[in-house]
Amino acid sequence: MPNKRSGGGLSPVQQAAKFLGVSVLAGGVLAGIALPAFGTLGLAAKGSVESFDEIPANLKTPPLSQRTTILDADGGKIATVYSRDRTVVPLKKMSPHLQKAIVAIEDARFYEHGAVDLKGILRALNSNARSGEVTQGASTLTQQYVKNVFVEEAGDDPDKVAQATQQTLGRKIQELKYAIQVEEELGKKKILENYLNITYFGQSAYGVEAASQRYFSKSADDLELQEAALLAGLVQSPTRYDPVNNPKTAEQRRNVVLDRMAQVGDISKGEAAAAKEKPLGLEISAPKNGCITAVKGAAFFCDYVRNVFLTDPAFGKDRETRAKLWNQGGLTVRTTLDPQAQESAQASLKGHVNKDDEVAAAATMVEPGTGKILAMGQSRPYGSNAKDHETVINYSVDQKMGNSTGFQTGSTFKPFLAAAAIEGGLPLGKVYPSPNKMPYPKVRGCKETYNQGEMTQNETPEEVGPYSLQEAMKLSINTYFVQMVGDLGLCPTLEMAEKMGIRTGDGKKLPDGKPSIVLGTPSISPLTMASAYATFASRGMYCSPVAIESVTQKIGEKKKSLEVPKSTCRRAMSERTADAVNTLLSGVTDSGTGARAGLSDRDNAGKTGTTDFRKNAWFVGYTPNLSTAVWLGDPMQQVKMVNITIGGTYFAKVSGGAGPGPIWRQAMSGALQGKEAPSFHTVEIPADKPKDKGDGEGRGEGRPGEGLIAGLFTGGGNGDGGVTTIGTDGGTTDGGLTLGGLTGGTTGDLTGGTTGNPNGGGVLGGFVQGNDNGGGNGP
């Protein structure tokens, strides 16, 4: 029975015999190149390789995977991402100390032998036999380089990596043949350069440049003697000699390299001794990989860019091809991100919503007319640490690009209906009765007529029509738009939304057959909403969102430009329709539900949105040169934003104007600071002249009466018209016998109204048209 060392390993004699066998076989292979009769070696019978001669003659060398740098529109670095942290540099940018150190310790006769060093094999055999263990290897730098090529080609596939590193006879012979090819084709200096760029040095660093930066925070060109010796010593076992985790062992290995350099004459013994006295001198730079390292809160945008790369056919025919290109790296990706806009958006989100609040917020900015995404951020930080309220879900984009399915948009959907109606010929002065509550009317869909039958109502009991389009948009009157879709039909609205790029968060088209769509029941992403509203800003031209300006790929010393996705622009509506919507939505930010969001220094427009139970609140608005969507809510849709504190501010009830509105205002103000302030093209909208203002219950805030003495008297939501209400915004007292009739009332009612029922009567009730609170039976 063979003798074994304690621990179960082979005895020194067995090890020596095994090493000798492989070495002799290697010599046989070399002989086989010249002597065909020696070539096959009977290897087929052993199942290793069919024949030495049948091994492919050309080694396929994949481009080395490198770092990819993602830049903003100004060229500033957003983040560095990589599959393997590597920066390829030429030999002239590597310290001469490093070149000599790696040759001395790994292959001292590198410049003297060919692909295989037979003298080195015998030397290693003798050394290993005397020591009783394998202390020296016989692989040349060329052979090691070939092996690393196999590993690089395997990528992150564990099966391929295992195959590339297996210590079989067939694999060794394959390495030998390719090493011969490499020696003939590349020459010594190029082999050394390639080797130093491909080799793993531990701590996630591939190649000497990344290793120099990781351990010493300097370029490989600036390495001192003792630093170069440390890196050269890592190659044999990056884990065992890791200077971060095993500094004593690493120092011992470094000193071995220095002694070897002195032994082969690269340095003097005195230089070696002096270098050995110096400390390791580590200045560690932590790996900075991935979107989590992005600046200005742009991690979610960085992740979006990665997903664009992996999903867009511009970068390859299928996902596997695109992933291979992305993992290979060496790319410089210049994006559309505007650093000023991004910083402003993120600062506003952070200032209004805390990361540990019950709810979250997201904001996306798009440039009208180009589709460029200028900013993308959210209140919760990027990452996987749930305890720190981190998330990798991008609330700004849809499921395919960020694993969010969007959020119900509420009344921010109404402008799409209005645009479809105006495009279809709706008079801009159109008035609808707009009661406080009403059932959905029968609505014509694209294929059939639908009768949803459910009730809808306005935000408050006081919101009672009739209303004109301008007033209904300003105050976001639900029943007005329900009546509008009843007249227009659902199909034109769906078609308009489609032209404006609207899809639900799961990537589907809006469904036919649900009239409630016009009040914002579909779940849509902020990016989609910002891009759609940019259509209004660009006078009817929709441009699909785009995040990448250019991509440059570095292969060796050469660079080439790759094709990138382009924004597709199309006319979604006429200029007149867009101008009309801009005029309507300007009223929202001027004096409507979005007044708290309005900008004072430039033309702006927008729309608020609040969904059922206040689970989502939106403000989507724009200037002629910037469109921004802000969403606020619980991503899980469990929190009702009532009696809630957000960002340290208490809200009795969150609405689109009171929650997202201020976020939008601050984000837009900062993004546009110092930028030009173009004006909208507006249209004349007929003055509000509703035919009947007395059909309903009245509004709480009251508005000036209309008719012969319009503006003299104002209606009261809590009481009758009359002497006590002259010149006020709402009374609480019953109307008088005569003056009560001046603000409108029911015919022939001479008794005056009762408290809370604004039907003040009087002889003049049918003469002067009343305000919201009056009756509707005058002539």
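Position 1 is the first residue of the sequence, and the numbers go up from there. As the structure is a prediction and not an experimental result, all values here were calculated from the model. Quick note: numbers below take in every heavy atom, side chains included, and nothing from hydrogens, waters or symmetry partners.
- Residues His389 and Asp356 come closest through the heavy atom pair NE2-CB, 3.2 Å.
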Test side-chain contact (heavy atoms from CB on, under 4.5 Å) applied to Phe216 and Leu223, step by step: CA-CA 8 Å; Phe216 301 110; Leu223 290 171; 3.7 Å; yes

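- Contact of the Ser396 side chain with the Phe301 side chain is not registered, since no non-hydrogen atoms from C-beta on lie closer than 4.5 Å.
- When all heavy atoms of Leu562 and Gln553 are compared, the pair lying nearest together is CD2-OE1, 3.8 Å.
- Defined by atom type and a distance below 3.5 Å, a donor-acceptor pair is missing between the side-chain atoms of Ser204 and Arg214.
- Expressed to the nearest 0.5 Å, how far CG of Asn289 lies from OG1 of Thr293 amounts to 7.0 Å.
- Distance check: Glu224 CD to Leu98 CG gives 13.0 Å after rounding to the nearest 0.5 Å.
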Run the numbers on Ile292 and Val392 for side-chain contact (heavy atoms from CB on, under 4.5 Å), then give the verdict. CA-CA 9 Å; Ile292 198 169; Val392 294; over 6 Å; no

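- The side-chain heavy atoms of Thr68 and Tyr82, taken from C-beta on, include no pair separated by under 4.5 Å.
- Taking 4.5 Å as the limit, some side-chain heavy atom of Val89 sits within range of a side-chain heavy atom of Met94.
- A heavy-atom distance below 4.5 Å is not found between the side chains of Leu331 and Thr69.
- Side-chain contact annotation: Asn194 with Asn197, donor-acceptor N/O pair under 3.5 Å absent.
- Judged as a salt bridge (Lys or Arg N to Asp or Glu O under 4.0 Å), the pairs with a partner in residues 62-83 (not counting sequence neighbours) are, in order, Arg67-Asp85.
- Taking Arg306 as the reference, Asp303, Leu310, Trp326 meet the side-chain contact (heavy atoms from CB on, under 4.5 Å) condition, with sequence neighbours excluded.
- In this structure, Gln213 contributes its side chain and Ser285 its backbone to no donor-acceptor pair below 3.5 Å.
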Determine whether Glu152 and Arg84 satisfy the following criterion, salt bridge (Lys or Arg N to Asp or Glu O under 4.0 Å), listing intermediate values before the conclusion. CA-CA 10 Å; Glu152 184 72 19; Arg84 292 179 176 174; 2.7 Å; yes

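- A donor-acceptor contact shorter than 3.5 Å is absent between the side chain of Glu112 and the backbone of Arg109.
- The side-chain heavy atoms of Ser65 and Tyr206, taken from C-beta on, include no pair separated by under 4.5 Å.
- The backbone N or O of Val208 lies less than 3.5 Å from a partner atom in the side chain of Ser212, making a donor-acceptor pair.
- For the atom pair OG1 of Thr391 and CG of Asn385, the computed distance is 11.5 Å after rounding to the nearest 0.5 Å.
- The main-chain N or O of Glu271 is found under 3.5 Å from a side-chain atom of Ser268 such that the two form a donor-acceptor pair.
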Does the side-chain contact (heavy atoms from CB on, under 4.5 Å) test come out yes or no for Val88 and Glu209, once each step is laid out? CA-CA 7 Å; Val88 175; Glu209 181 63 23; over 6 Å; no

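- With hydrogens and angles disregarded, a donor-acceptor distance shorter than 3.5 Å links the side chain of Asp107 to the backbone of Leu141.
- Looking at heavy atoms from C-beta onward, Glu367 lies out of side-chain contact with Ile373 at the 4.5 angstrom threshold.
- Of the charged side-chain nitrogens involved, none lies within less than 4.0 Å of a carboxylate oxygen, so that Lys218 and Glu283 do not count as a salt-bridged pair.
- The aromatic rings of Tyr382 and Phe300 stand perpendicular to each other, their planes meeting at an angle above 60°, with 30° marking the opposite boundary.
- Counting only distance, with no hydrogens or angles, the side chain of Thr311 and the backbone of Asn307 share a donor-acceptor pair below 3.5 Å.
- Heavy-atom neighbours of Lys93 NZ from other residues, nucleotides or ligands within 6.0 Å: at or below the threshold of 12.
- Looking at every heavy atom in both residues, Thr332 comes nearest to Leu71 through CG2-CD1, 3.6 Å.
- When all heavy atoms are compared, the tightest approach of Cys291 to Val81 is N-CG1, 4.0 Å.
- Checked by atom type, the side-chain pair Asp242/Thr239 shows no donor-acceptor distance below 3.5 Å.
- From Lys278, atom NZ reaches atom CD of Glu251 across 13.5 Å, with rounding to the nearest 0.5 Å.
- Shown here for Arg253 and Glu106, the closest heavy-atom pair between the two residues is NH2-OE2, 4.1 Å.
- Partners of Ala179 by side-chain contact (heavy atoms from CB on, under 4.5 Å), not counting sequence neighbours, listed by chain and number: Ala115, Thr142, Gln143, Val146.
- Looking only at distances, no side-chain donor or acceptor of Arg254 sits under 3.5 Å from a matching main-chain atom of Gln226.
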Give the C-alpha distance, both sets of side-chain angles, the deciding distance and a yes or no for side-chain contact (heavy atoms from CB on, under 4.5 Å) between Asp259 and Lys269. CA-CA 8 Å; Asp259 286 340; Lys269 291 184 177 180; over 6 Å; no

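- With salt bridges taken as basic N to acidic carboxylate O contacts below 4.0 Å, none links Glu549 and Arg334.
- Taken from CD in Gln673 to OG in Ser344, the straight-line distance is 8.5 Å, to the nearest 0.5 Å.
- Put simply, the side chain of Asp338 never gets that close to the backbone of Leu374: no donor and acceptor are under 3.5 Å apart.
- Formation of a donor-acceptor pair under 3.5 Å by the Asn327 side chain with backbone atoms of Ser83 is not found in this model.
- Phe309 has its side chain out of reach of Val305: every pair of non-hydrogen atoms, C-beta onward, lies at least 4.5 Å apart.
- No donor-acceptor pair under 3.5 Å is formed between the side chain of Gln144 and the backbone N or O of Tyr195.
- By the 4.5 Å heavy-atom criterion applied to side chains, Pro243 and Leu230 are counted as neighbours.
- Within a 6.0 Å sphere centred on NZ of Lys675, heavy atoms belonging to other residues, nucleotides or ligands number more than 12.
- Ion pairing between a basic and an acidic side chain is recognised when a charged N comes within 4.0 Å of a carboxylate O; Arg380 and Asp357 show no such pairing.
- Ion pairing of Asp388 with Lys355 is present here, as a side-chain N (NZ or NE/NH1/NH2) and a carboxylate O approach within less than 4.0 Å.
- Contact record, Leu234 with Phe201: CD1-O, 3.4 Å, taken as the closest heavy-atom pair.
- We find the CZ-CD1 distance between Arg260 and Ile267 to be 12.0 Å, quoted to the nearest 0.5 Å.
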